[in-house]
A.B. asks: 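If you scroll down you'll find the structure; I have some questions about it.
Remember, it's a predicted structure, so these values are computed and weren't measured experimentally. In what follows, chains carry the letters A, B, and so on, assigned in the order in which the sequence lines appear, proteins first and then strands, with residues in each chain numbered from 1.
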Protein chains: 4
Amino acid sequence: MSTPHEATIAKPRWERRKEARPAELVSAALELFVEKGYAGTRLDDVAARAGVSKGTLYLYFENKEELFKAVVRENIVARISQSAEEVLHFEGSSAELVRRLMATWWDEYGSSTAGGIGKLMMAESGNFPEIARFFLDEVIEPWHRILAAAIKRGTERGEFRTVKPDMFARVVTGPLVMLSLWKHSFGACSQQPLDANEYLAMHLDIVLSALRPA
Amino acid sequence: MSTPHEATIAKPRWERRKEARPAELVSAALELFVEKGYAGTRLDDVAARAGVSKGTLYLYFENKEELFKAVVRENIVARISQSAEEVLHFEGSSAELVRRLMATWWDEYGSSTAGGIGKLMMAESGNFPEIARFFLDEVIEPWHRILAAAIKRGTERGEFRTVKPDMFARVVTGPLVMLSLWKHSFGACSQQPLDANEYLAMHLDIVLSALRPA
Amino acid sequence: MSTPHEATIAKPRWERRKEARPAELVSAALELFVEKGYAGTRLDDVAARAGVSKGTLYLYFENKEELFKAVVRENIVARISQSAEEVLHFEGSSAELVRRLMATWWDEYGSSTAGGIGKLMMAESGNFPEIARFFLDEVIEPWHRILAAAIKRGTERGEFRTVKPDMFARVVTGPLVMLSLWKHSFGACSQQPLDANEYLAMHLDIVLSALRPA
Amino acid sequence: MSTPHEATIAKPRWERRKEARPAELVSAALELFVEKGYAGTRLDDVAARAGVSKGTLYLYFENKEELFKAVVRENIVARISQSAEEVLHFEGSSAELVRRLMATWWDEYGSSTAGGIGKLMMAESGNFPEIARFFLDEVIEPWHRILAAAIKRGTERGEFRTVKPDMFARVVTGPLVMLSLWKHSFGACSQQPLDANEYLAMHLDIVLSALRPA
DNA sequence: AATGAATGAGAATTCATTCAT
DNA sequence: AATGAATGAATTCTCATTCAT
């Protein structure tokens, strides 16, 4: 179908980083969506922040909604699955396992730019129910299951007291999410900045205290 | 069938409701802002939900931003102050005090429609820094202080172990906020609905367990 | 048709100045139309300046355009005719007649609030051709005829040199109109205010110098 | 009838005219502002007259007011300065100088489309005081100074009688402005059109007669 | 592959006009 | 006669999307 002379078409002077573009755009879009919300983000600004023209955006994404979906999709990652492995194969104490899971959560998800996705999804879940559902299924529920599994392991091994693992996992995820949301919202206008490490240490302390067998 | 005369009684195009209008508009706006975010809310829709025309909105609010401010202002309420009283004059155990504060928080703030304000502020803090600051100063910080005071009381009376009251208060507020946000976001698309009472009971259990003196 | 008991209807508490209202409204409208132009004038403001509610305006004027027409109509007055009389019956020198006509023009038309009508008509003639035509026929042309008649009288009596009366009248009306327009436009933002008397004196001097027989 | 192929050649929805656009828009806006006044001019119409869509206007001008300012700015031109040169270096009689200045005024300012700017400024000076001030400083005052200088020159060379040059200049500018305003207002609805040349000849005659030494 | 001028539907805002009181 | 709350059409302005280059 393609004619041989196509190969002789002069190579345009740009050509570079064909692959990099979408990532740059998604990254710029992520920042702006998190900062201003979906409706509040102008594609003009996304393009400008990515250093390209507005038209270029449409070479890679059909429209604003598809860009939004891409932003969510590209940033939820398969990270969760790694944590799952850890739970299954972990050899140490359950307290240590819980500590590690939470540290991992914060390092790889909560504290990263991608953590803003949480805020975004929370704000836009009403406007994009399918995406919210997707996020719920792919991110939130898996995490709850992993953490619940770790709790259950501790109980079964006699390290933790008996609690309802699912509900416990949900509740103690609250402060983690809170911390992440805070960074992307009030954190910016609070004068004495929140010390994340101290916060996380206190949180771990609470969780483990609450799990101590009677 | 109906008497001809009745049929011809002109239905007034509108009713005079000067007193009620602003509240109705603010209420309609609250729902939509929470549901769709600031930028995603059309004033047309606000007016329609309040049962008035677009123009009427402008009789009571200078513009969209002022409406937004009014929504926030009218819904933060002075509720917090009542809780403050409770802390100061409470006679019972500190565990009971904490339980009551949390129940109050949920009943009067978290579970109410106004709880959506929290979600709204979180999403829009970047776009309205002054209002976010206001919300921080008038709602969040006071609550933290009240809860911290209750923790401190428990410690001083030997009922709780020693913890940093401020940080503890912040951390254990996480699940409360989480629950409220959930209701206005993923709650809508989660199939097995979250049982708020069970969640809160578990949370209280965790908090009190974590505070138990060694 | 009217029933006797109409007479027993309680006399409402307002009642006062039934006749005065339209004049107050027209006067307020005149000021605003002159100041802001037709389109730039809000009926709200007209009503406010007249000290009545917006609705009241519609008791007296069918709509904005009718109000505008009333403003023009009520302010062109029959003043002109008095000047006409003067020309016909004046006994003194033609120079004195011209002097009087100009002084009269300034005192009764140019310097009065109604002088703003000129500015208004100039600005809005394109939007209201019929009214412009009316103004032209009822105000401008008659004035030109009167002044031309005075010039002609002077020439015929040997007091002035021979000129084309019509064109002469038009040209020397220019400074008069200019002065009136100035008051309602740049006059407000010019720092050294224009001395109208000096201006008029110079103008009269020019006119009479130009008419001096060779 | 026409070859099918020709008929299917897609007419571009628009043409790229970045360079020409602002001038075209300003020109369209000038006509409409002069014709209908600032408030009476719809941006839709400006765009339509310039042959572009509404949105395009906003690519070049931030808002209606900026467009208005551009219209004024672009049309006052530095024409005045040429006349200034003439006064300084003119070698002939002062009467000839005055004649030339007036002819120049009419040819280059009064009779041109840009002359409508005068009408516009007069009508809108109240709504845009800063622009009016600008116009006063950049156009009106310079002209007065130039004409006054020419009068003074004549007096000093014994060609004219002694008059107050400033006031004289102001007064005799009246008919010029009048003529220009007339063209853009009543001129349109007057049946016997004003002969500008005859008017200007009469005016020059008056001015020079009035300046003749005793 | 990239651009950015142009578009036009849609949202915010204004204001002349209506009408129940 | 007077009011002023309510209306909705008209206008300004925004921004996602298109497309010739």
A.B. asks: So which atom in C/Tyr60 and which in C/Pro22 form the shortest heavy-atom distance, rounded to 0.1 Å?
C.D. replies: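 Looks like CD2-CG, 3.6 Å.
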A.B. asks: Please report, rounded to the nearest Å, how far the C1' atom of F/dC15 is from the CG atom of A/Leu67.
C.D. replies: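 Those two atoms, CG and C1', are 15 Å apart.
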A.B. asks: Does anything in residues 27-40 of chain C reach DNA chain E, meaning a heavy atom under 4.0 Å, and if so which residues?
C.D. replies: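 By residue number: none to list.
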A.B. asks: Which part of the nucleic acid, if any, lies within reach of C/Leu59 when heavy atoms closer than 4.0 Å are counted: base, sugar-phosphate only, or nothing?
C.D. replies: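 C/Leu59: base contact, heavy atoms under 4.0 Å.
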A.B. asks: How many Å lie between CZ on A/Phe61 and P on F/dC15, as a whole number?
C.D. replies: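 Answer to the nearest Å: 21 Å.
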A.B. asks: Stepwise, does the salt bridge (charged side-chain N to carboxylate O under 4.0 Å, His left out) test hold for D/Glu24 with D/Arg21?
C.D. replies: CA-CA 5 Å; D/Glu24 286 165 359; D/Arg21 283 284 182 252; 2.9 Å; yes
A.B. asks: From CG of B/Asp44 over to C1' of F/dT7, roughly how many Å is that when rounded to an integer?
C.D. replies: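 Rounded to whole Å, this separation is 13 Å.
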A.B. asks: Step by step, would you call C/Glu66 with C/Lys69 a salt bridge (charged side-chain N to carboxylate O under 4.0 Å, His left out)?
C.D. replies: CA-CA 5 Å; C/Glu66 288 306 316; C/Lys69 287 180 188 170; 3.5 Å; yes
A.B. asks: Give a yes or no answer on whether the side chain of C/Glu124 reaches the backbone of C/Tyr38 with a donor-acceptor pair at less than 3.5 Å.
C.D. replies: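 Here the side-chain-to-backbone pair exists.
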A.B. asks: Keeping C/Lys64 on the side-chain end and C/Thr41 on the backbone end, is there a donor-acceptor pair under 3.5 Å?
C.D. replies: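 Yes: the side chain of C/Lys64 pairs with the backbone of C/Thr41.
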A.B. asks: May I ask you to list the residues of residues 48-57 of chain D, by number, that have any heavy atom positioned under 4.0 Å from an atom of DNA chain E?
C.D. replies: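 Going residue by residue through residues 48-57 of chain D, the ones with a heavy atom under 4.0 Å of DNA chain E turn out to be D/Val52, D/Ser53, D/Lys54, D/Gly55, D/Thr56.
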A.B. asks: With pairs defined as Watson-Crick or G-U wobble and both distances under 3.5 angstrom, please note down DNA chain E as a dot-bracket string, | for pairing with another strand.
C.D. replies: .||||||||||||||||||||
A.B. asks: In whole angstrom, what separates C/Lys64's NZ from F/dA9's C1'?
C.D. replies: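 Going from NZ in C/Lys64 over to C1' in F/dA9 covers 15 Å.
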A.B. asks: Show, in sequence, the C-alpha distance, side-chain angles and deciding distance for C/Asn75 and C/Thr113, and conclude whether the side-chain contact (heavy atoms from CB on, under 4.5 Å) test is met.
C.D. replies: CA-CA 9 Å; C/Asn75 281 289; C/Thr113 321; over 6 Å; no
A.B. asks: If you assign D/Glu65 and A/Leu43 each to the DNA chain F nucleotide with the nearest heavy atom, which residue ends up on the more 5' nucleotide?
C.D. replies: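 The residue whose closest nucleotide sits nearer the 5' end is D/Glu65.
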A.B. asks: Is it the case that the side chain of C/Ser185 and the backbone of D/Ser125 share a donor-acceptor pair, with hydrogens and angles ignored and the cut-off at 3.5 Å?
C.D. replies: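 Checking the backbone N and O of D/Ser125 against the side chain of C/Ser185, no donor-acceptor pair under 3.5 Å is found.
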A.B. asks: Identify, between C/Thr41 and B/Asn63, the residue whose nearest nucleotide on DNA chain E lies closer to the 5' end.
C.D. replies: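 Looking at DNA chain E, the more 5' nearest nucleotide goes with B/Asn63.
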A.B. asks: From D/Met122 CE over to C/Met122 CE, what is the distance, rounded to the nearest 0.5 angstrom?
C.D. replies: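 Output value for this atom pair is 8.5 Å.
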A.B. asks: Tell me: CD of B/Glu66 to P of E/dT13, nearest whole Å?
C.D. replies: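 From B/Glu66 CD to E/dT13 P: 10 Å.
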A.B. asks: Keeping B/Lys119 on the side-chain end and B/Val34 on the backbone end, is there a donor-acceptor pair under 3.5 Å?
C.D. replies: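 Checked: pair present.
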A.B. asks: With a cut-off of less than 4.0 Å, is there a side-chain N or O of C/Tyr60 near OP1 or OP2 of F/dA2?
C.D. replies: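 It does, given that an N or O in the side chain of C/Tyr60 lies less than 4.0 Å from OP1 or OP2 of F/dA2.
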A.B. asks: Can you see which heavy atom on A/His184 is nearest to which on A/Gly116, and at what distance?
C.D. replies: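 Heavy atoms of A/His184 and A/Gly116 come nearest at NE2-N, 3.3 Å.
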A.B. asks: Does a nitrogen or oxygen in the side chain of C/Tyr58 sit under 4.0 Å from OP1 or OP2 of E/dT17?
C.D. replies: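 Yes, C/Tyr58 has a side-chain N/O under 4.0 Å of OP1/OP2 on E/dT17.
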A.B. asks: Passes side-chain contact (heavy atoms from CB on, under 4.5 Å), B/Leu57 versus B/Val52? Steps please.
C.D. replies: CA-CA 8 Å; B/Leu57 233 158; B/Val52 299; 5.8 Å; no
